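One structure below.
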Amino acid sequence: SQKIEQNSEALNIQEGKTATLTCNYTNYSPAYLQWYRQDPGRGPVFLLLIRENEKEKRKERLKVTFDTTLKQSLFHITASQPADSATYLCALMGSSNTGKLIFGQGTTLQVKP
Amino acid sequence: DTEVTQTPKHLVMGMTNKKSLKCEQHMGHRAMYWYKQKAKKPPELMFVYSYEKLSINESVPSRFSPECPNSSLLNLHLHALQPEDSALYLCASSQVVLAGRSYNEQFFGPGTRLTVL
């Protein structure tokens, strides 16, 4: 069956360091992969999208990689700040493009000052 | 305007009540979604509307009844809910996903926190 896995354990890092979050998937052939940020009690906020034919995408301090051979995406936040503390969700759309987005469990990032 | 609004923010209802959740967007998006999110879990898709027509129903119990009166509005009518239906209900919108178009970033509202007593 289709599965998306993110580290369920919280990631604690020191301010200024690079945070790296992992998203692995099985039995999917996604056309693209998205990353969202969610703060407690709020709706997710879209951050980045990467297509299956792209290896890397950047936006300010954020970088996403997509390896369709390893079936893995890595999400990096460089020069992390306490304000980056949140839960980060990866989401996949299957290549059938039905509009159905499936989310991973999310990884909670805590950046300590 | 890149905002999705949802009302009410909080809702407490008994199992015999009938209530409605409302969602509105003015981004010209023709796809709208309802998700349910339990604590420490990811959002789970419930319904998708595309061009005001229901295109996906994820086997949601009939006590949840969606409605899309026009391209900007999405409602979720609730009736005879159970305590396990207590959750954060999220509305989202996006451009319609068409064959060959490879993106649909979704814009989420802040959610309605629903408690069923």
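Residue numbering restarts at 1 for every chain, and letters A, B, ... go by the order of the sequence lines. All values reported here derive from a predicted model rather than from experimental measurement.
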For A:Glu9, I'd like to know if atom CD has over 12 heavy atoms of other residues, nucleotides or ligands within 6.0 Å. no
Region of B:Gln37 that comes under 4.5 Å of a non-hydrogen atom in chain A: side chain
Between B:Gly109, B:Pro43, B:Gly111, B:Pro110, which has the largest tally of heavy atom pairs under 4.5 Å with chain A? B:Pro43
Just wondering, more than 12 heavy atoms not from B:Lys19 lying within 6.0 Å of its NZ? no
What pairs meet the ring pair (Phe, Tyr, Trp, His ring centres under 6.0 Å) rule with one or both residues in residues 63-89 of chain A, with sequence neighbours excluded? A:Trp35-A:Phe75, A:Phe75-A:Tyr88
CD of B:Glu67: more than 12 outside heavy atoms within 6.0 angstrom? yes
Quick check for you: to the nearest 0.5 Å, what is the distance between B:Glu105 atom CD and A:Leu101 atom CG? 11.0 Å
Within 6.0 Å of NZ in B:Lys38, more than 12 heavy atoms from elsewhere: yes
In terms of heavy-atom proximity below 4.5 Å to chain A, should B:Gln6 be classed as side chain, backbone, both, or neither? neither
For A:Lys3, which residues count as a salt bridge (Lys or Arg N to Asp or Glu O under 4.0 Å) partner, sequence neighbours excluded? A:Glu5
With a 3.5 Å cut-off and sequence neighbours excluded, list the donor-acceptor pairs that the side chains of residues 102-113 of chain A form with protein atoms.
residue: A:Thr107; atom: OG1; partner: A:Asn7; partner atom: N; Å: 3.4
residue: A:Thr107; atom: OG1; partner: A:Asn7; partner atom: O; Å: 2.7
residue: A:Thr108; atom: OG1; partner: A:Thr87; partner atom: OG1; Å: 3.0

Residues of residues 37-47 of chain A contacting chain B, heavy-atom criterion under 4.5 Å, by residue number: A:Gln38, A:Gly41, A:Arg42, A:Gly43, A:Pro44, A:Phe46
In terms of heavy-atom contacts, does CD of A:Glu60 have more than 12 from other residues, nucleotides or ligands at under 6.0 Å? no
Any side-chain heavy atom of B:Pro42 within less than 4.5 Å of one from A:Ile4? no
